Amino acid sequence: MLKVLKSGFFITIQDLGRFGHRDIGVPISGAMDVESVKKANLLLENDPNDAVLEITMMGPKLQFEEPTAISLSGAHLEPKLNDVAIENHQVVQVSKGDILSFGKLKDGFRAYLAVKGGFQTEKVLDSRSQYFPVTKKKRVKDGDEIPYEESTSYKPLISEVKIEDHFLTDELEVFKGPEFALLTDKQLAGIFSKPFAVSKANDRMAYQLNELIEEHSHSMLTSGTLPGTVQLTPAGRLIILMKDGQTTGGYPRILQLSEAAICVLAQKKAGDSLSFKLL
């Protein structure tokens, strides 16, 4: 078991997502930054879909009750094992009773902790990703115990890698959305000729951007949406749906982020700058 001594700001258990249930209104959920999750699991020779902890902005304090191996990826949060600094993108052997803690956020926004074999929480609709009310809990809290399998003899093929963090870019690659043709020349210029700042209204459901573009009066029927769908409100605000976002929406879907761009955006916090690049 992994014992949560302090839960930090917002921690959830995530795999790559809950697929095949959007027709009944269930979001995909899953890790916001799947590229970082895949990197952490790859170092441990895990399945890419093995469950990890998604750690947002401020790290927890965790105690390992069985030996295992771990790896960290994503945001840099000054991790320490028994008060000794460790690094992202390396395999670290953990003994019974060891304590993992974190310091200040240096860059990025979401970090990922993987253990050998993945966290073994209950699967609901073929996924371990936490999303209330599909799962019993919305997030990890103080005192929780998260199961994993003991590993005492694991010898990694690669102990560490040097990776340039993908999220250090400020550019989001996007495709044309279903209602892209509704945009005026002025709106297009407003979207692609200037940077935007992430607003304080950002979470696993959606990211809003501070700057507005030209207003519109288009009305449309509620239609299907995906993670990465960029909606344009009548007031000219851009809303980017994320992994826990609703499955339908009534605003024009003007753009669609690439999967890589979703990972980049997932590592942005309020005030960070970004721009759009049309593919």
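The figures that follow rest on heavy atoms only: side chains count, while hydrogens, waters and symmetry mates do not. Given the structure is predicted, the values throughout are model-derived calculations rather than measurements.
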Q. Is a side-chain donor-acceptor pair under 3.5 Å present for S73 with N88?
A. no

Q) Just checking, K194 and F196: is the charged tip under 6.0 Å from the six-membered ring centre and within 45° of the axis? A) yes

Q) Picking from Q14, Q130, R204, what satisfies side chain to side chain donor-acceptor pair (under 3.5 Å) with E54? A) R204

Q) Can you find a side-chain donor-acceptor pair between Q231 and T225 that sits under 3.5 Å? A) no

Q. So, does S29 use its side chain to make a donor-acceptor pair with the main chain of R18 at under 3.5 Å?
A. no

Q) Would a hydrophobic clustering, with Ile, Leu, Val, Met, Phe, Trp and Tyr connected at side-chain separations under 4.5 Å, put I191 with V198? A) yes

Q) Does some side-chain heavy atom of N41 sit less than 4.5 Å from a side-chain heavy atom of P48? A) no

**Q.** Under 3.5 Å: donor-acceptor pair, side chain of E215, backbone of G236
**A.** no

Q: Classify the side-chain pair T169/E171 by whether it contains a donor and acceptor separated by less than 3.5 Å.
A: no

(Q) Under a plain distance cut-off of 3.5 Å, with no hydrogens placed, do E45 and Y154 share a side-chain donor-acceptor pair? (A) yes

Q) Does the side chain of Y251 reach to within under 4.5 Å of the side chain of P234, using non-hydrogen atoms? A) yes

Q: Say whether, by atom type as modelled, one donor and one acceptor occur between the side chain of D47 and the main chain of N49 under 3.5 angstrom.
A: yes

Q) Is there a side chain to side chain contact (heavy atoms under 4.5 Å, CB included) between T56 and F109 once you walk through the steps? A) CA-CA 6 Å; T56 303; F109 194 50; 3.8 Å; yes

